[in-house]
Amino acid sequence: MRIYIASSRRNQHAREMLSTMMLLKGHEVFSIEGHSAPEEQISDLPVDFAEWNSTEYANHSFELHTKSAMSADLIIYIGPSGKDAAAVCGMAFAKGIAIFGLFEKSEDFGLMRKMMVRWFEHYDDMFKEIDAYSDVLEAAGIKIGT
């Protein structure tokens, strides 16, 4: 199953752990890790966001993340996150892609939290649900990962 992890950079360790665990279960995972600028590029990025946002790297990153999110079988939102992760969830919701949310006590997603099929307080409960969701898609003959 293709999984897109929507999260803020501040959740680095959670993203890395979740990505690793999903990869070990045989899923294809897309998140910031491995899909952003190499360290040498990050140090060269302009500090001013408006200036950075007009770079070719920003255009490439936007296209890569947008296409990856829109072609996923499942979105996992790790809270709390920012506007970009919320925008990814909105795109996925509009396309009918299931979204699972990993709740954090300081989560401030607001009314749009209703986009999530389910919120989880514990990652192990979410893993069980991901396995079940994958099995349901396969049993229904829904082609996943394309």
Point to revise | Counterpart residues, side-chain contact (heavy atoms from CB on, under 4.5 Å), relative to Ala58 (two or more places apart) | key: Trp52, Asn53, Thr55

Exercise for review: Identify, with sequence neighbours excluded, every residue that meets side-chain contact (heavy atoms from CB on, under 4.5 Å) alongside His13.
Suggested key: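 Partners of His13 by the side-chain contact (heavy atoms from CB on, under 4.5 Å) criterion, ordered by chain and then number, come out as Glu16.
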
Would you say [X] and [Y] make side-chain contact, with heavy atoms under 4.5 Å?
| X | Y | result |
| --- | --- | --- |
| Ile5 | Val29 | yes |
| Glu63 | Asn59 | no |
| Tyr133 | Met1 | yes |
| Cys89 | Met112 | no |

Distance (rounded to the nearest 0.5 Å) between [X] [atom1] and [Y] [atom2]:
| X | Y | atom1 | atom2 | answer |
| --- | --- | --- | --- | --- |
| Met116 | Leu102 | CE | CG | 10.5 Å |
| Lys67 | Phe30 | NZ | CZ | 11.5 Å |
| His65 | His60 | NE2 | NE2 | 8.5 Å |
| Met17 | Met22 | CE | CE | 11.0 Å |
| Ile130 | Asp73 | CD1 | CG | 12.0 Å |
| Met126 | Met21 | CE | CE | 9.0 Å |

Would you please name every residue forming a salt bridge (Lys or Arg N to Asp or Glu O under 4.0 Å) with [X], sequence neighbours left out?
| X | result |
| --- | --- |
| Asp131 | Lys25 |
| Arg10 | none |
| Glu129 | Arg118 |
| Glu56 | none |

Under 3.5 Å donor-acceptor pairs involving side-chain atoms of residues 74-85, not counting sequence neighbours:
residue, atom, partner, partner atom, Å
Tyr77, OH, Ser81, N, 3.1
Tyr77, OH, Glu107, OE1, 3.4
Tyr77, OH, Glu107, OE2, 3.0
Ser81, OG, Ser8, N, 2.9
Ser81, OG, Asn11, ND2, 3.4
Ser81, OG, Ile78, O, 2.6

Check your understanding: Taking only residues two or more places apart in sequence, or in another chain, which ones meet Lys95 in a side-chain hydrogen bond (donor to acceptor under 3.5 Å, both in side chains)?
Key ->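 With sequence neighbours excluded, Lys95 shows a side-chain hydrogen bond (donor to acceptor under 3.5 Å, both in side chains) to no residue whatsoever.
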
Exercise for review: Could I get the full list of side-chain hydrogen bond (donor to acceptor under 3.5 Å, both in side chains) partners for Glu121, not counting sequence neighbours?
Suggested key: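 Testing Glu121 for side-chain hydrogen bond (donor to acceptor under 3.5 Å, both in side chains), a comparison that skips the adjacent residues, returns none.
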
Point to revise | Heavy-atom pair of closest approach, residues His27 and Ser134 | key: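 Taking His27 first and Ser134 second, the nearest heavy atoms are CE1-OG, 4.1 Å.
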
**Study point:** Nearest heavy-atom neighbours spanning Val88 and Ala69
**Key:**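 Heavy atoms of Val88 and Ala69 come nearest at CG1-CB, 3.6 Å.
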
Taking [X] for its side chain and [Y] for its backbone only, find out whether a donor-acceptor pair lies under 3.5 Å.
| X | Y | result |
| --- | --- | --- |
| Arg2 | Ser71 | yes |
| Ser54 | Glu51 | yes |
| Ser61 | Tyr57 | no |

Review point. Should the ring pair Trp119 and Phe103 be called parallel, tilted or perpendicular, given that the plane angle runs from 0 to 90° and is split at 30 and 60?
Key: perpendicular

Review point. Do Ile3 and Val117 sit in the same hydrophobic cluster, where Ile, Leu, Val, Met, Phe, Trp and Tyr count as joined when their side-chain heavy atoms come under 4.5 Å apart?
Key: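 Yes: a chain of side-chain contacts under 4.5 Å links Ile3 to Val117.
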
Check your understanding: Phe120: what forms a ring pair (Phe, Tyr, Trp, His ring centres under 6.0 Å) with it, not counting sequence neighbours?
Key -> Phe100

Practice item. Check ring pair (Phe, Tyr, Trp, His ring centres under 6.0 Å) between Tyr123 and all other residues, then give those that pass, not counting sequence neighbours. Key: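 Tyr123 satisfies ring pair (Phe, Tyr, Trp, His ring centres under 6.0 Å) with Phe127 only.
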
